[in-house]
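The sequence lines fix the lettering, A, B, ..., with proteins before strands; numbering per chain opens at 1.
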Amino acid sequence: MTTLPEVPATTGKDFIRALIEQDLATGRKGNTLHTRFPPEPNGYLHLGHAKSICLNFGVAKEYNGLCNLRFDDTNPLKESQEYVDSIREDVQWLGFDWADREYYASDYFETLYALAEKLIGMGKAYVDSLTAEEIRAYRGNLTVPGKESPYRTRSVEENLDLFRRMRAGEFADGQHVLRAKIDMASPNLVMRDPALYRIRRTTHHRTGDTWCIYPMYDYTHCISDSLEGITHSFCTLEFVNNRALYDWVLETLDLYRSEQTEFARLSITRTVLSKRKLIQLVEEGHVKGWDDPRMPTLSGMRRRGVPPEALRDFCARIGISRAENEVEFSMLEFCIREALNHTAPRGMAVLDPIKVVVENYPEDQEEWFDLPLAPDAPEKGVRRVPFSRELYIERDDFMEIPAKKFHRLAPGQEVRLRCAYYITCKDVQKDAQGNITALICTYDPESRGGGTPDNRKVKGTLHWVSARHAKPVEVRLYDHLFLQDNPEDVEEGKTFLDVLNPDSLRVVTGYTDASILGMTPGERVQFERIGYFCVDKDSTDGTMVLNRTATLKDTWAKIVAKS
RNA sequence: AGGGGUGUAGCCAAGUUGGUAAGGCACCGGGUUUUGGUCCCGUCAUCCGAGGGUUCGAGUCCUUCCGCCCCUGCCA
């Protein structure tokens, strides 16, 4: 028997997985894949990060490699422990584990500093004393090459002395900066003597006041990757230009060559994902916090009731490529429903009640019906729901003058109450203003359980709640935060805030049976014919609060919309 | 304008030595159904940003052009 060389089946895979398989097959980067997820702790993680997390941790898992969690904490002005904590929680919640490989760029400050001195010694870095404005002016622009700083020719000794004194705190913020000596005429602006270190007298959330100089991203990231033995360093497309510097630093310093590969960042219709805009939504009070269920943050979606597997599935479905993209929100919605359909137990609740009086049902009688928790898996058991003479059904499940194809309740029409009885509407009661106050119906005792001996068909099945047993709950109905697909696409003088959806949150009182009250925060339920809901942490002993995670697909609404 | 990236259906996205356009979402049509949910089946690119060329044959090779995105932080 002959063993043919393994030909990596790269077809159908995204370009990153194809790259990995090839590298693993050729041994070009060794035999163990090592990636990292490198967030800056300056905000909460959102859907865009989920794509990166699923990529980095995902490929590590698929190819038997490792993925580190590394905080890119080089700018103490914007970073804080609060963000570190939320990030750790969110990555874990998404379902990934970094074991003991939790690193911080700040762990490498001492090494980074030593390597900077080495660069100076090699004549590859110098201390510049130009002001920030001057540096900007000297940089030139897209078409005009930059000019060299007059301080570019300082001796190694002078540079070393100055740099050490920068560290020692002898200078004011902004007085000096350490720059790489590369090429002020490079067509790639990133290579025009980029800053490596700046002076910043700010307390760092981890290193405290140990340092008053902090390394820049471009210098820190590649070295951190290298020190951790990262084989593949994935980042988004806006860093393509920075790759030249990433490679320059590692090559010049003769360090292990981690390799950067870029992919397109995620954008989704009806939402914004830029950190700046997300912060603005929170700070200006357009939402109630980072974990507001309308936010595209992982904490927001978690609170909304979105299961982590839905997000992982979503990331798998959208794929990875280098083309700019804007994924339709419906794709996410599909993944959420798909995950919830299999896992959320069923229940019944009426959100906009109208009373039904079953006039031939004994006033003092009550009975209990079994509602399957999972219609497609009867073995999962049932929910016992009480039935009595007076019930609530949904207001829009009744039409006095039924529209075409409307097969719910209407005068003279018979419908099924889910798992209970068939009822027929006999009369409509109204108040002085003409508002419907109650529907007088009769039931067919033969239809107990929702079917009849004569196998008579009814066209509609309605959800219901026994009025006497109904428990009020606060229901928060969420809708898109923005009115248009692309919230950034606004006319001159307007911003994304001008297209905020004023009805993104509607709070109503819903009615359900007592079994629902036993649920605890985070628990999910599908209210049949309405949608998926999740118990909110705002729930108290007195009132339960439910967040609507997603509606069910509504074919009837579509028919109505068309006519 | 200099450098870089990218263009396959409404959206995402496969397509790796050139051989005659995967899959998913959405949409539309039909079936099943005690959720107008789920599930099932079917339709949906004579065409791959545009033009020219090479070839028996091109989304794939060559060439010209066009669109969109990124880069002028002591942010990441």
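When the nucleotides B/rG2, B/rG10, B/rU35 are ranked by their closest atom to the side chain of A/T461, B/rU35 comes out on top. The A/R346 side chain lies nearest to B/rG37 when the options are B/rG37, B/rC70, B/rG5. Distance from the side chain of A/M331 is smallest to B/rC25 among B/rG36, B/rC71, B/rC25. For A/N325, counting side-chain heavy atoms from C-beta on, the closest listed nucleotide (B/rG2, B/rG37, B/rA13) is B/rA13. Closest approach to the A/D376 side chain among B/rU38, B/rA14, B/rC75 is made by B/rU38 (side chain taken as heavy atoms from C-beta onward). Proximity note for A/H407 (side chain, C-beta onward) versus B/rG36, B/rC12, B/rA76: the nearest is B/rG36. Closest approach to the A/L189 side chain among B/rC27, B/rG2, B/rG37 is made by B/rG2 (side chain taken as heavy atoms from C-beta onward). Across B/rC71, B/rC74, B/rC39, the shortest atom-to-atom separation from the side chain of A/L142 is found for B/rC71. Checking B/rG5, B/rA13, B/rC74 against every side-chain atom of A/V177, the shortest atom distance belongs to B/rC74. Here B/rG5 is the nucleotide among B/rG5, B/rG37, B/rC74 with the atom lying nearest to any side-chain atom of A/L237.
Counting any heavy atom pair closer than 4.0 Å across all strands shown, A/R139 reaches sugar-phosphate atoms only and no base atom. Residue A/T143 is in base contact, counting any heavy-atom pair closer than 4.0 Å across all strands shown. The residue A/Y197 sits apart from the nucleic acid: no heavy atom pair falls under 4.0 Å. Contact annotation for A/A132: base contact, defined as any heavy-atom pair under 4.0 Å involving a base atom. Looking at heavy-atom distances under 4.0 Å, A/I530 makes no contact with the nucleic acid at all. Counting non-hydrogen atoms under 4.0 angstrom, A/L130 reaches a base of the nucleic acid. Within the nucleic acid shown, A/Q526 comes within 4.0 Å of at least one base atom, counting heavy atoms only. No engagement by A/Y138 is indicated, since no non-hydrogen atom pair under 4.0 Å with the nucleic acid exists. Across all strands shown, A/N242 has heavy atoms under 4.0 Å from base atoms, whether or not it also approaches the sugar-phosphate. Residue-level contact check: A/P38 touches neither bases nor backbone, having no heavy atom under 4.0 Å from any strand.
Only the C1' atoms considered, B/rA14 is 25 Å distant from B/rC28, to the nearest whole Å. Using P as the reference atom, B/rG59 and B/rG18 are 13 Å apart when rounded to the nearest Å. Taking atom P in both B/rC41 and B/rC25, one finds a spacing of 12 Å when rounded to whole Å. The same atom, C1', is picked in B/rA22 and in B/rG29; the two are 23 Å apart, to the nearest Å. Taking the C1' atom of each, B/rA13 and B/rG24 are spaced 8 Å apart, rounded to whole Å. Nucleotides B/rU6 and B/rC12 are separated by 16 Å at their C1' atoms, to the nearest Å. Straight-line distance between the P atoms of B/rG42 and B/rC66: roughly 45 Å, to the nearest whole Å. Between the P atoms of B/rG37 and B/rA50, the separation comes to 39 Å (whole Å).
Salt-bridge annotation for A/E394 and A/R529: absent, with no side-chain N of the basic residue lying under 4.0 Å from a carboxylate O of the acidic one. Between A/D313 and A/R317 a salt bridge is recorded (basic side-chain N to carboxylate O distance below 4.0 Å).
RNA chain B is contacted by both A/K562 and A/M216; A/K562 maps to the nucleotide lying nearer its 5′ end (nearest heavy atom per residue).
Here the options are A/D128, A/L162, A/V177, A/V127, the test is side-chain contact (heavy atoms from CB on, under 4.5 Å), and the partner is A/Y151; only A/D128 passes. The side chain to side chain donor-acceptor pair (under 3.5 Å) test with A/E528 is passed by exactly one of A/R418, A/H463, A/R346: A/R418. Each of A/F527, A/Y392, A/W464 was scored for a ring pair (Phe, Tyr, Trp, His ring centres under 6.0 Å) with A/Y511, with one residue passing: A/Y392. When each of A/N56, A/L266, A/L273 is tested with A/K51 by the rule side-chain contact (heavy atoms from CB on, under 4.5 Å), just one qualifies, namely A/L266.
Computed from coordinates, the A/Y217 OH to B/rC75 C1' distance equals 11 Å when rounded to whole Å. B/rU38 atom C1' lies 16 Å from atom CG of A/L373, rounded to whole Å. We find that CG of A/N486 is positioned 11 Å from P of B/rC69, with the value rounded to whole Å. One can place CD of A/E333 at 15 Å from C1' of B/rC27, the figure rounded to the nearest angstrom. Distance A/L196 CG to B/rC75 P: 13 Å, rounded to the nearest Å. At whole-Å resolution of the value, CG in A/D72 and P in B/rC75 are 14 Å apart. Regarding A/L552, its CG atom lies at a distance of 11 Å from the P atom of B/rU35, rounded to whole Å. Nucleotide B/rC27 holds its P atom 9 Å from the CD atom of A/E328, rounded to whole Å.
Distances shown here put a side-chain N or O of A/R200 below 4.0 Å from the OP1 or OP2 atom of B/rC75. Residue A/R529 places at least one side-chain N or O under 4.0 Å from the OP1 or OP2 atom of B/rG36. For the pair A/R322 and B/rU6, the criterion of a side-chain N or O lying under 4.0 Å from OP1 or OP2 is met. Between B/rG73 and A/R198, no contact under 4.0 Å exists linking OP1 or OP2 to a side-chain N or O. Considering only side-chain N and O atoms, A/S330 lies nowhere under 4.0 angstrom from the phosphate OP1 or OP2 of B/rC25. At B/rA76, one or more side-chain N or O atoms of A/T74 fall inside 4.0 Å of OP1 or OP2 (strictly under the cut-off). Between A/K558 and the phosphate of B/rC27, there is a side-chain N or O to OP1/OP2 separation shorter than 4.0 Å. In this model, the phosphate group of B/rC70 is not approached by any side-chain N or O of A/R243 to a distance below 4.0 Å at OP1 or OP2. OP1 or OP2 of B/rG73 has at least one side-chain nitrogen or oxygen of A/R136 nearer than 4.0 Å.
Aromatic rings of A/F239 and A/Y246 (six-membered ring for Trp) have centroids beyond the 6.0 Å cut-off, not under it.
A cation-pi arrangement, defined by a distance under 6.0 Å to the six-membered ring centre and an angle within 45 degrees of its axis, is present between A/R206 and A/Y104. A cation-pi arrangement is present between A/R167 and A/Y113 under the rule of less than 6.0 angstrom and at most 45 degrees off the ring axis.
In this structure, B/rG18 shows a glycosidic angle more than 90 degrees from zero, which is the anti conformation.
Pair assignment for B/rC25 gives B/rG10, based on Watson-Crick or G-U wobble hydrogen-bonding distances that are each under 3.5 Å. Across all strands shown, the partner of B/rC65 is B/rG49, judged by Watson-Crick or G-U wobble contacts whose two distances both fall under 3.5 Å. A 3.5 Å limit on both hydrogen-bonding distances identifies no Watson-Crick or G-U partner for B/rU43.
Side chains of A/H205 and A/S80: no donor on one and acceptor on the other come within 3.5 Å.
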